[in-house]
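Okay, so here's the structure we're looking at.
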Amino acid sequence: MSTATTLPVEASATSTTPRILDGVAIAAEIKAEVGLEVAALARQGICPGLAVILVGHVAASEIYVRSKVKTCHELGIYSEMLTPPDTITTEEMLDLVASLNARDDIDGILIQLPLPKHVDTRRLLGAVLPDKDVDGFHPVNAGRLQTGQPALAPCTPAGIMEILRRSNIPVAGQNAVVIGRSNIVGKPTALMLLNASATVTVCHRHSKEIIPFTRRADILIAAAGRPGLITREMIKPGAVLIDVGINRISDEAEMKALFGDDPARAATFAKRGSVVAGDIHPDACQLSSAYTPVPGGVGALTIAMLMQNTVTAARLRRGLPPSAHPDMV
Ligand code: GUN
C-alpha cells in the first residue's frame with residue numbers, strides 16, 4: 001500500500017474545531033442500556049451467560065479478557081473464563097466448544113484471538129454454534145451480514161456503527177473508505193457501511209495508491225495497525241475520521257514524530273515508557289469535522305457491543321425478539 005503521492009490540502013479546509021467522538025461516553029450509554037435489559041430478563045428468570053476461552057499468554061489478550069469478564073459482572077451477566085493449558089490440541093478445544101454449545105446456561109461463546117499457532121483457528125471458530133457466536137466470526141453470521149440478514153455482528157464494526165449512529169453522522173449516500181481488510185474489522189465494517197447505504201471502498205496493503213481514495217472519503221475508517229498512517233494531506237477537510245488502530249509506541253523519537261511536544265503524551269511516556277497511537281496522525285484529526293480519539297474512541301465500544309450481543313443471543317435463544325440492536329433488525 002503506497003502513500004507516496006503528496007497532494008496539496010484543499011484551500012477550503014474547515015476552520016471549525018473538530019468534534020471529538022467520545023467512545024467512552026457512548027460505551028457507557030450502551031452498557032447502561034444493556035444493564036436495563038439484563039434486569040428486565042432477570043425479572044423473567046433469565047440470566048444471560050458468556051463463556052470466554054483464553055489460551056496462551058498474550059498480554060493484551062489477558063487484559064481484554066479480564067475486562068470482558070469484569071464488565072459482565074458489572075452488568076449482571078453470568079460469565080465463565082476458561083484457560084486451558086497452552087498444550088491443548090485442536091481436538092480438545094473442539095470438545096470444549098461442543099460442551100459449551102450444549103450448555104443451556106451459556107448464551108455466548110468467545111474464543112479470544114490470537115490462538116497458539118498449533119491450534120486450527122478456522123475450525124474452532126466454525127465449531128461455535130452460530131446462535132452463540134457473540135463475536136460474529138462464524139461463517140454463518142458473516143454470510144448473514146453479507147446478505148443483509150439479522151446477524152450477531154462482530155463487536156468492533158458494530159461499535160463503529162453505533163458511534164456514527166449515536167453521533168447523528170449520516171451514512172447513507174456518503175463515500176466511506178475503509179483502510180484494512182481483516183475478517184475481524186475491515187471486511188465486516190465495509191459490509192455494515194454498505195448495508196447502511198454508503199458508497200464503500202476498501203484499501204489494503206496491496207492497494208497501489210490510497211490517497212486518491214482517502215481524499216474522497218466523507219467517512220474514513222482506519223484499521224491498518226500502522227501508527228500515524230493517515231496524514232493531513234490524505235484526507236478531505238471536514239471528513240469524519242474513525243480510528244481503529246491501537247499501536248503501542250515505545251520509541252521516544254517515534255512518539256515525538258507523531259505527537260510533537262504534546263505534554264499529555266510526553267507525561268504518559270515518561271510514566272509508562274510507552275504511549276498508544278492510532279492509525280490517524282493527530283494533524284489529520286485537526287482537519288476533520290469529527291474524529292475518534294485513541295485511546296478513548298472505538299476501542300471502548302468493543303466490550304459494550306459484546307455485552308449487547310450476549311444479551312441479544314440470550315433473547316433469541318429463548319424465542320424473544322432481539323433487543324434494540326440496529327444490526328439485528
Ligand atoms: N482479538 C482481538 N480482537 C478480538 C475480538 O474482537 N474478539 C476475539 N475473540 N478476539 C480478539
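As the structure lists them, so they are numbered: ligands from 1, and atoms in each ligand from 1. Positions are given from 1, in the same order as the sequence printed here.
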Hydrophobic cluster identity match, Val244 and Val294, side-chain contacts under 4.5 Å: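 Val244 and Val294: separate clusters.
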Common cluster, Met81/Leu115, ILVMFWY with side-chain heavy-atom separation under 4.5 Å: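 Cluster IDs for Met81 and Leu115 match.
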Polar contact flag, side-chain donor to acceptor under 3.5 angstrom, Thr89-Glu92: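 Judged by distance alone, the side chains do pair up.
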Short side-chain donor-acceptor distance under 3.5 Å, Glu80 and Tyr78: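 Indeed, the side chains of Tyr78 and Glu80 share at least one donor-acceptor pair under 3.5 Å.
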Check: every ligand 1 N/O to protein N/O pair under 3.5 Å:
residue: ligand 1; atom: 1 (N); partner: Gln112; partner atom: NE2; Å: 3.4
residue: ligand 1; atom: 1 (N); partner: Leu113; partner atom: O; Å: 2.9
residue: ligand 1; atom: 7 (N); partner: Asp135; partner atom: OD1; Å: 3.1
residue: ligand 1; atom: 7 (N); partner: Asp135; partner atom: OD2; Å: 3.3
residue: ligand 1; atom: 9 (N); partner: Ile111; partner atom: O; Å: 2.8
residue: ligand 1; atom: 9 (N); partner: Asp135; partner atom: OD2; Å: 2.5
residue: ligand 1; atom: 10 (N); partner: Leu113; partner atom: N; Å: 3.0

Sidechain-backbone polar pair: Thr90 side chain, Asp120 backbone, donor-acceptor under 3.5 Å: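 Yes; judged by distance alone, with no hydrogens or angles, the pair exists.
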Expected output: side-chain Asn101 to main-chain Leu129 donor-acceptor under 3.5 Å: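 Yes.
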